[in-house]
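Okay, structure first, notes after.
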2 protein chains.
Amino acid sequence: MEALADYFKVFSEPNRLAVLDTLRGGALNVTAVVERTGLSQALVSKHLKLLTIAGVVRRRPEGSLVFYEVIDKGVYKLMQQGEKLLLASRRQKINALAASI
Amino acid sequence: MEALADYFKVFSEPNRLAVLDTLRGGALNVTAVVERTGLSQALVSKHLKLLTIAGVVRRRPEGSLVFYEVIDKGVYKLMQQGEKLLLASRRQKINALAASI
DNA sequence: CTGTATTATCATGATGTCGTTATGTCGTTG
DNA sequence: CAACGACATAACGACATCATGATAATACAG
């Protein structure tokens, strides 16, 4: 349970999800991620490091650039599954509200 | 992204996952969850409240007891998908280690 | 070798989360 | 209504996480 919770924690941060989102199309270097997310360079670097440690992303230095890419695209499936449940839970909450009137 | 991150945050806490796990078989009242998890009553109550607010769990008072049950069992599928990716990422980390030797 | 671009790290402050203890609330029972 | 059991909430301390600004480390160009 502990390890699973830690794994989900990786996806529990908006900026980290935004970073992951930029990597949908394939590998990008840090600056590219910075530009596409609008986040600070230091912040992007830290999130990418965390994602690397979590085993979600692979680091590949190339010259003076460092490219990052998602290892298992199944993470996007996980996110999609999360979205789906999120929407369902919203409908649920609306129903609960309506029932309480 | 924000909302999705918040949703994943619900599953990013070991004790909360443990609580959810006790509800796999169906509705349970608070004391039953306390007994099965070994967590304090106050803590279980708080986690159940959070799960309720998140729309993951439904609260149903019955006499002096309060039963909770998972609304959409899809959350267990989400957890399963998380487990799967977690295991894959572990294999990945081992490979990365091996490659670095 | 110097300077520059790219990426990583550090130190810090602000904020959030978790768990505990104590107490409050509500329903039931005698 | 008094007492009890079940559950919820409040207050608090400990700790984790996040974002920032400044600075380091690295690779490359000139």
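This one's a predicted model, so the numbers in the text were calculated from it and none came from an experiment. Numbered from 1 within each chain, the chains take letters A, B, ... in sequence-line order.
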I need the [atom1]-[atom2] distance between [X] and [N], as an integer number of Å.
X: A:Asn29; N: C:dA5; atom1: CG; atom2: P; value: 15 Å
X: B:Lys49; N: C:dG19; atom1: NZ; atom2: P; value: 17 Å
X: A:Leu50; N: C:dA8; atom1: CG; atom2: C1'; value: 14 Å
X: A:Leu48; N: D:dC18; atom1: CG; atom2: P; value: 14 Å
X: B:Lys9; N: C:dC18; atom1: NZ; atom2: P; value: 9 Å
X: A:Glu2; N: D:dA16; atom1: CD; atom2: P; value: 12 Å
X: B:Leu51; N: C:dT17; atom1: CG; atom2: P; value: 14 Å
X: A:Arg59; N: D:dT26; atom1: CZ; atom2: C1'; value: 10 Å

Margin query: On DNA chain C, does the nearest nucleotide to A:Ala42 precede the nearest nucleotide to A:Ser64 from the 5' side, or the other way round? Give the residue.
Written below: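 Closer to the 5' end of DNA chain C: A:Ser64.
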
Note to self: Both A:Leu65 and A:Leu43 contact DNA chain C. Taking the nearest nucleotide for each, which residue is further toward the 5' end?
What the structure shows: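 Comparing both residues, the 5'-ward one is A:Leu65.
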
Taking only side-chain N and O atoms of [X], does any of them lie within less than 4.0 angstrom of OP1 or OP2 on [N]?
X: B:Arg16; N: C:dT17; result: no
X: A:Asn15; N: D:dA19; result: yes
X: B:Tyr68; N: D:dA8; result: yes

Check: Among D:dT17, D:dT20, C:dT7, which is the nearest nucleotide to the side chain of A:Ser40?
Finding: D:dT20

Next item on the list: Compare the minimum distances between each of D:dC7, C:dT20, C:dG19 and the side chain of B:His47, then state the nucleotide with the smallest one.
Entry: C:dG19

Using atom types as modelled and distance alone, determine if a side-chain donor or acceptor of [X] lies under 3.5 Å from a backbone N or O of [Y].
X: A:Ser12; Y: A:Lys9; value: yes
X: B:Tyr76; Y: B:Leu20; value: yes
X: A:Arg59; Y: A:Phe67; value: no

Mind checking if [X] touches a base, just sugar-phosphate, or nothing, with heavy atoms under 4.0 Å?
X: B:Glu13; result: sugar-phosphate
X: B:Lys46; result: base
X: A:Phe67; result: nothing

Check: Between A:Leu39 and A:Glu62, who's closer to the 5' end of DNA chain D by nearest nucleotide?
Finding: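 Per heavy-atom nearest nucleotide, the more 5' residue is A:Leu39.
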
Check: Can you find an N or O donor on one side and an acceptor on the other, under 3.5 Å apart, linking the side chain of A:Gln41 with the base of C:dA8?
Finding: yes

Item checked: For A:Pro14 against B:Ala5, the heavy-atom pair lying closest together ->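 Distance-wise, the nearest heavy atoms are N-CB, 3.5 Å.
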
Next item on the list: Would you please classify the geometry between the A:Phe8 ring and the B:Phe8 ring as parallel, tilted or perpendicular, with 30° and 60° separating the classes?
Entry: parallel

